[in-house]
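Notes to accompany the following structure.
Atom set for the values below is all heavy atoms of this structure, side chains included, hydrogens, waters and symmetry mates excluded. Start at 1 and go down the list; that is how both ligands and their atoms are numbered.
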Amino acid sequence: MRPILPILFVPCLLAQSFTVSPETRDAVRQLIGDTILNSQAYAYDQHLADSIGPRLTGSANYTRAADWAVQKFKALGLSNVHTEDWTIPATWEPEVPAVGRILKPVEHQLHIYSLGWSPSTPREGVEGQVVHVASLAPADLDAQKSRLTGAIAFLDQSSFGEKPTFYKTMAGVDRLLSFAPLALFYPGGANGTENLSTLTFGTLAAVPEAQIGREDVSLLRRLLQTGPVTARFSFTNGIRVNVQVPNVIAEIPGRELPNEVVIVAAHLDSWQPGTGAQDDGTGVAGVLEVARAIRNLNRAPRRTIRFILFGGEEQGLLGSAAYARQHAPDLPSVDAILVTDGGSQPANGWFVMGHEDEKTSLAALKPLLAGLGGDQASLDTAFLLSSDHAPFNVLGVPTLVLSTEREKYFALHHKASDTFDSVVQKDLTQGAAVIAVTAYAIADSQDPFAKHLSPAEVQSLLEKTGSIEQYNFLKKSGVMP
Ligand SMILES: [Zn+2]
């Protein structure tokens, strides 16, 4: 007679290892065929980039994109299609493009842009002495205090020596702003290539902030070595405050465990004047394509797959953080979140964002993903806090971020050149297939994919990866849950 205890123990031991059943494998085979042969991802991205265009968070174009995504999900036959609003403190859209000149010691027209979420300049523009800021260390800033008041502070990051961490940059800028400068200049990309960002989490910056072309930055630096420099610039931005922004949500309900969820997500917002075709149009197109293909299988996985398109990613993960905060009590039932935000370059697999057991589980998917070239699992945590997975990861949810070749992506990222002509159809199709296979196999497995991290384990992950300072800053700023 078999003792009872070992029988009770067996399922617990089995639950430790993630497996793929023959039925799942059959369904995945069909899924790969459909995603490769019938992919709509390229067409979805073309519509988003060319017919809707840039999608600044909370803008009219963003709303059009959200409406379009809702209609698409409904037309694909998904369930529970809806939007969930969160509030952004301010929206920002350029109205009158920036113009600017060096006035002294030589007249020179600048390649200049308003930084994201900068207020407009006064109508007559900002005119002042340009003061070179070559260090953000508190003592160095304090030594320049009297010169910075009423001046245009030129934050010359390439003079900083060791690149300051995000946290140190933010702290340095805060200290500098307390000296009441007129405006800030930041170095940008090559002259004529706008490269947008913001450091204010959806609130308006305290003073006008402009970005200067790389070659103009070099000229400024040379002129400042020989004597005082005066500059003038102006721009007008459209600002609205406290605007409701929708995240778009849709589901394929699980056939056996509908209350357990696998999330597949990307961000709907983008920068301008590029059209966000790669960042993150390809991600949105991938999410829609995965929804189309899995719905088309007519074999729902065991668990629910929830598709989410977040807003406000570019202003500091605002939409995903709002979602994670609001749904925190339900997150223990989220088996994994899969995020795609790396453009249409070939996907080689997944970043597991510090969850080592995910790497073991992904090994079970190797036979399904190897033929697509997407079977790598990377423990690299360089992007731990840098896209919509982060608010979930810090609450312990197993996290996967699609790993793509980054080089081409970063050449376009946040620039005017992020347009549809740079999207490679075959790479976008392959990436969507990798996401579809991974999401379906995780949602259809008998076993949980990976362990949720406890708060102590999250803390240790953040410390081990050198991310704790940045996390604490984001949490203090009210961004991270
Ligand atoms: Zn992005």
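- His267 contributes atom NE2 as its closest N/O/S atom to the Zn ion (ligand 1).
- Note on Glu314: not counted as a metal contact of the Zn ion (ligand 1), no N/O/S atom lying under 2.8 Å.
- The N, O or S atom of Asp279 lying closest to the Zn ion (ligand 1) is OD1.
- A distance-only check finds a donor-acceptor pair linking the side chain of His82 to the backbone of Asn80 [under 3.5 Å].
- Using a 4.0 Å cut-off between charged side-chain N and carboxylate O, Glu356 and Lys359 make no salt bridge.
- Ion pairing of Arg302 with Glu260 is absent here, as no side-chain N (NZ or NE/NH1/NH2) approaches a carboxylate O to less than 4.0 Å.
- Here the side chain of Ser118 pairs no donor or acceptor atom with the backbone of Ser114 at under 3.5 angstrom.
- Within 6.0 Å of the NZ atom in Lys408, the count of heavy atoms belonging to other residues, nucleotides or ligands exceeds 12.
- At a cut-off of 2.8 Å, His413 is not counted among the residues with an N, O or S atom near the Zn ion (ligand 1).
- Distances from the Zn ion (ligand 1) to the N/O/S atoms of Asp341 are shortest for OD1.
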